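I have placed the structure first, in the form of C-alpha cells, so that the comments after it can refer back to it.
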2 protein chains.
Amino acid sequence: MTVGVRHDDLRRRNRAMVIAAVRRAGQPSRTEIAAVTGLSNSTISTISADLIEEGILAQAKNGETAALKRGRPQVALGLNPRAATVVAIALSLNSLSASLIDYSGKAIIHDISRPATLTMTASGLVEAVTAAVGRLLARMEPDHGPVLRMTLAIQGITDSEARKLMWSPITPHSDIQFADALETAFGIPVTVENDCNMIAVALRGRAPDRYRDNFFTILLSNGIGMGLVLRGELFTGSHSSGGEFGHMIHVPDGAQCRCGRRGCIEAYAGNYAIFRHARGESEYAQPAADIDDATMLALAAAARDHDGREREAFRKAGEAIGFGLGSLFALFDPAPVAIVGLGSSAFDVIEPALRDAISKTAGGQHNAAISFDLEPDETPLIRDGCARQALTFVDQDIFAAGTAVETAGKAVA
Amino acid sequence: MTVGVRHDDLRRRNRAMVIAAVRRAGQPSRTEIAAVTGLSNSTISTISADLIEEGILAQAKNGETAALKRGRPQVALGLNPRAATVVAIALSLNSLSASLIDYSGKAIIHDISRPATLTMTASGLVEAVTAAVGRLLARMEPDHGPVLRMTLAIQGITDSEARKLMWSPITPHSDIQFADALETAFGIPVTVENDCNMIAVALRGRAPDRYRDNFFTILLSNGIGMGLVLRGELFTGSHSSGGEFGHMIHVPDGAQCRCGRRGCIEAYAGNYAIFRHARGESEYAQPAADIDDATMLALAAAARDHDGREREAFRKAGEAIGFGLGSLFALFDPAPVAIVGLGSSAFDVIEPALRDAISKTAGGQHNAAISFDLEPDETPLIRDGCARQALTFVDQDIFAAGTAVETAGKAVA
DNA sequence: TTATTTTTTTCGAGGCTCGAAAAAAGAGCT
DNA sequence: AGCTCTTTTTTCGAGCCTCGAAAAAAATAA
C-alpha cells in the first residue's frame with residue numbers, strides 16, 4: 001500500500017512541481033508557474049525564493065522580456081546551469097559516447113570512442129565505459145556543477161532495477177554489472193537503461209503534445225527494439241526492461257531468429273532478415289551479426305528501383321511490423337508510433353505492406369489516422385533521453401527534497 | 001501536468017488511505033492502521049474519529065477481540081455496512097443480474113433475469129437493465145444506506161470514459177449509452193465496464209499477494225476476453241476498454257474470425273472455433289453465435305477420451321493462446337495468468353499445446369514457473385469486481401472528500 | 001489492590017498553503 | 001516630469017494538518 005502523505009512530503013512534491021514547470025516551460029514567470037501548477041502565487045513565491053537561495057533556479061537577466069505590457073513586468077525564472085551536471089552514456093555496437101550535460105540540459109563536453117564491443121571481455125567493456133567517463137570528468141572545469149547522476153543506455157535487455165545489462169547483441173557476455181562498477185569507480189548513482197526506452201523519454205520531452213499518453217518507439221536496426229509509454233509513463237517489465245516487440249511471434253514456427261527461437265518479428269524485419277531474404281537465402285540461414293549501413297541503403301535503393309527480391313524482402317519486413325503493431329493496437333488502441341534508426345530511411349519501401357497488414361488487424365479501421373514519425377539518426381535521441389532521465393532524477397529525488405546538497409551551485413553571482 | 005498538492009488534498013488522501021486500510025484489513029485497530037499507512041497514531045486517531053462521526057466507520061462490538069494480551073485492548077474498526085450501498089450489474093448473453101451491495105461489500109439483494117439480448121432493440125436492452133435496477137431498488141429497506149454508485153459490466157468493448165457500450169457480441173447494436181440512461185433514470189453515477197476488467201479487479205481484491213503488479217485474466221467463452229493489470233492498475237485503452245487479446249493476430253490471413261478479420265486468436269480458441277474445427281468444418285465457416293455449455297463440455301470429454309478431431313481442435317486453441325501469451329510475456333515479462341469461464345474446465349486438454357507454444361516464445365525459459373489459475377464460473381467474479389470497483393469509487397471520491405454526504409449513515413446506533 | 005503494559009486520546013508546536021493587502025515596477029497619458 | 005493605471009511579486013496573518021510527548025484509559029499479572 002502506498003504510504004501516507006506526511007506534512008513534509010507536501011513541500012517536497014510542490015518543490016518538484018515547480019522545478020518541473022520551469023524545466024518544461026523554459027523561462028516562466030512566477031505567475032505562469034502558479035497557473036500551470038494550480039498553486040497560489042504566495043506559495044510559488046516562497047518556494048521559488050528557496051530554490052533561488054539554494055542555487056537551483058536563477059532569475060533571468062531580464063533582457064528580452066518580450067512584448068512589453070502594462071504593469072509590473074514578469075520576472076523570468078530559469079534553471080541554473082551550474083546547479084548540477086549529469087553524465088549521459090550511449091553504448092552501442094562498436095561505439096561509445098559519453099556526454100556531460102549541465103543542469104539546464106545543455107551538452108558541454110563529449111567523449112566519443114569506438115571499442116570493439118563484440119570481441120571484448122565483459123570486464124573490458126566495463127573498463128572501456130569507466131575510462132570514457134574518467135576522461136570526460138577529467139575535462140570538467142571548476143564552474144561546472146557537481147555530477148549527481150549518470151545514465152547509461154545500451155541496446156539490449158537490462159534488469160528492471162536498471163542496474164545491469166542482462167543480454168545485448170553488442171556483446172556475447174551477459175549479466176554485466178555496469179551500475180555497480182561505475183558507482184564504485186566514481187561514487188555517483190548510475191542507472192542502466194534500454195536504448196529504446198531512452199528514445200521514448202527523449203521524444204516525450206521534445207514533443208509532449210504528440211507523445212502524451214500512449215505511444216511506441218520502434219528502433220529498426222539489425223535487431224528490433226521498442227520503447228513503450230503507457231499513460232505517460234515509461235513501461236518496463238517486471239523483471240527486465242521489457243517491450244521486446246521484436247520477439248513477439250509473427251509466424252508460429254517461422255523464420256530463424258537471432259535469439260534462437262523461430263518466427264519472431266525480428267526474424268522478418270531485422271536488417272539481417274531483410275538481407276537474408278534479399279539475397280535469396282533460406283529463412284533458416286544463420287543471422288549475420290551486423291550489416292553495414294551502406295549495404296542496407298543499397299538494398300532499399302534496389303527495392304525502390306525494381307520489383308525483385310529486395311522489394312519482396314522489405315515487403316515481408318513491413319508485413320511483420322504491421323501485424324505486430326496491429327497486435328499492440330488491439331491491446332492498447334491505436335497510438336502514435338515513431339520509427340527510429342537507419343531502417344526509417346527505408347520506411348517508404350516498408351510502409352505499403354505495413355499499412356496493408358495493419359488494415360487486417362483490430363486497429364485497422366484507424367489505419368489512415370495512424371501516422372509514423374521518422375527519425376533516421378537514433379544516437380542524438382538516445383543521448384537526449386539519457387540526459388532527461390538523469391536530470392529528472394536530480395530534479396525529483398535530490399533537489400525537490402531540499403536538504404543535503406545545499407552547497408550545490410551556490411557560488412553563482 | 002499533475003496539479004499541485006493543496007493543503008486540503010492532504011487530508012483527503014489520508015482519509016482515503018485510512019478507509020482503504022480498513023477495507024483491506026477487515027477489522028484493524030487504530031494502531032494497525034498507523035502501521036500500514038505510516039501515519040502517526042495521533043493522526044489516525046483524529047481521522048478515524050471523524051470517519052466514525054460521519055457514520056463511515058464503526059467501532060466493532062468488541063466480542064471476539066482474539067488472544068487477550070496485557071495492556072489496553074485494541075478496538076477494532078470496521079466499515080459501517082449502512083454507510084452506503086452500490087449496485088453491481090452483470091449483463092451477458094441472455095442473462096442479466098443486478099445486486100445491491102452494502103458498504104462492507106456484502107451482497108444484500110439480487111435480481112436475476114434472462115432477457116433475449118440478441119434479438120432485443122438497443123432501447124429494449126437499456127430498458128431491461130433499467131427495469132432490473134428499478135426492481136432491485138424497490139426492494140430496498142429503510143436501514144440500507146443510500147445508493148451512491150452503480151457499475152455495469154458487459155462482455156464487449158466499452159469506451160474509455162466507461163459510459164457506453166461500443167460493441168458487444170451479446171447484441172447486434174452498437175454505441176449504447178447505458179450510463180446516460182441509467183443516470184437519468186436513477187440520478188446515481190454509473191460506469192460501464194468490460195467484464196474481464198472487472199474479473200481482474202475481483203482477483204486483485206481477493207488475492208492481492210498473487211495478483212499484485214502485472215497479471216492477466218483471460219475469459220474463454222465464445223469469444224476471448226482479457227483483463228490487463230499493469231503496475232497494479234487496471235489498464236484500459238486510450239479510446240476503449242482495451243485489452244483485445246482475442247484479436248491479436250495469431251496467423252496472418254488465417255482463420256475467419258467473428259469480428260470479420262482473419263487469423264485472430266479468437267478464430268482458433270473461441271468456442272465457435274473449437275466447435276468448427278471439431279466438426280471438421282472449414283476455417284472459413286461462418287462462426288456460430290453461441291455454443292451451449294453442454295456441447296463444449298462434450299467436446300472436451302471427447303478430446304480427453306480419444307485422439308481425434310476434437311483433440312486437434314483443442315490443441316489448435318491451446319497453440320493460439322500460448323503464442324498470444326508468449327507475445328504478452330515478450331512485452332511485459334511473464335506474469336500470473338487466470339483462466340476464467342467455461343473454457344477453464346477444459347484447460348486440461350488445452351494446456352499441453354499451450355505450454356508447448358509458450359516454450360517457443362520469449363517467455364519460454366520461464367515456462368515451468370508460469371502457473372495458471374482456473375476459475376470456471378465467471379459470474380460471481382464479475383459481480384464481485386463490479387462491487388469492488390463501485391465501492392472503491394465511493395471510498396476514494398465521495399467519503400474521502402468528507403464534505404457533502406455527511407448525513408449518509410449517521411442514523412446508526 | 002497495586003504495578004505493569006499497551007492502546008488511544010489530548011495538547012501544544014511547527015509547517016505549509018492560502019487569501020488579502022501591500023509593495024514594486026513599469027507603461028500610458030497629460 | 002509627474003500622475004494614474006495595471007500587473008506582478010512579496011508580505012502577513014489565519015487556518016489546517018501532522019507530529020511527538022504526555023496523559024488517560026483499559027485490561028492483565030502479581
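Proteins come first, then strands; the chains are lettered A, B, ... in the order of their sequence lines, and each starts at number 1. It should be emphasised that the depicted structure is a prediction, and the values quoted were computed from it without experimental measurement.
For the pair A:Leu77/A:Gln59, a side-chain contact is recorded, criterion being any heavy-atom separation below 4.5 Å from C-beta on. Side-chain atoms of A:Leu234 and A:Met198, non-hydrogen and from C-beta on, do get closer than 4.5 Å to each other.
If you check C:dT4, C:dC16, C:dG26 against the side chain of A:Arg11, the one that comes closest is C:dC16. If you check D:dT9, D:dC5, D:dA29 against the side chain of A:Val75, the one that comes closest is D:dT9. Looking at the side chain of B:Pro73, the nearest of the listed nucleotides D:dA26, C:dT8, D:dG20 is D:dA26. When each of D:dT18, C:dC16, D:dT8 is scored by its nearest atom to the side-chain atoms of A:Leu10, the top-ranked nucleotide is C:dC16. Considering only side-chain atoms of A:Arg30, the nucleotide from D:dT9, D:dT18, D:dA26 that sits closest is D:dT9. Closest to the B:Asn41 side chain, of the nucleotides C:dT9, D:dT18, D:dT9, is C:dT9. Distances were taken from every side-chain heavy atom of A:Ser42 (C-beta onward) to each of C:dG19, C:dT9, D:dG20; the shortest belongs to C:dG19. Taking only side-chain atoms of B:Ser45, from C-beta outward, the nucleotide of D:dT18, C:dT10, C:dA27 with the closest atom is C:dT10.
Put simply, CG on A:Asp50 is 13 Å from P on C:dG15, counting in whole angstrom units. Taking atom CD1 of A:Ile52 as the reference point, atom P of D:dT10 lies 8 Å away to the nearest angstrom. Going from atom CZ of A:Arg15 over to atom P of C:dG15 covers 15 Å, rounded to whole Å. Look at CZ on A:Arg70: it is 11 Å from P on C:dA27, rounded to the nearest Å. For the pair B:Arg12 CZ and D:dC16 P, the interatomic distance rounds to 17 Å; values are reported in whole Å. For B:Asp9 and C:dG15, the CG to P distance is 22 Å, given to the nearest whole Å. Rounded to a whole Å, the CD1 atom of B:Ile44 is 14 Å from the C1' atom of C:dT9. Distance, B:Met17 CE to D:dT18 C1': 12 Å, rounded to whole Å.
Between the base of D:dT8 and the side chain of A:Arg72 there is a donor-acceptor pair shorter than 3.5 Å.
Remark: side-chain polar atoms of B:Asn214 are paired, donor with acceptor, to backbone N or O of B:Arg231 under 3.5 angstrom. A side-chain donor-acceptor contact under 3.5 Å links B:Thr85 to the backbone of B:Gly145. Listed for the B:Arg15 side chain is a donor-acceptor partner under 3.5 Å among the backbone atoms of B:Phe399.
Look at B:Thr46 and you won't find any side-chain N or O under 4.0 angstrom from OP1 or OP2 of D:dT18. Contact annotation: A:Thr43 does not reach the phosphate of C:dC16 (side-chain N/O to OP1 or OP2, under 4.0 Å).
Both A:Ser48 and A:Gly71 lie close to DNA chain D; mapped to their nearest nucleotides by heavy-atom distance, the more 5′-ward contact belongs to A:Gly71.
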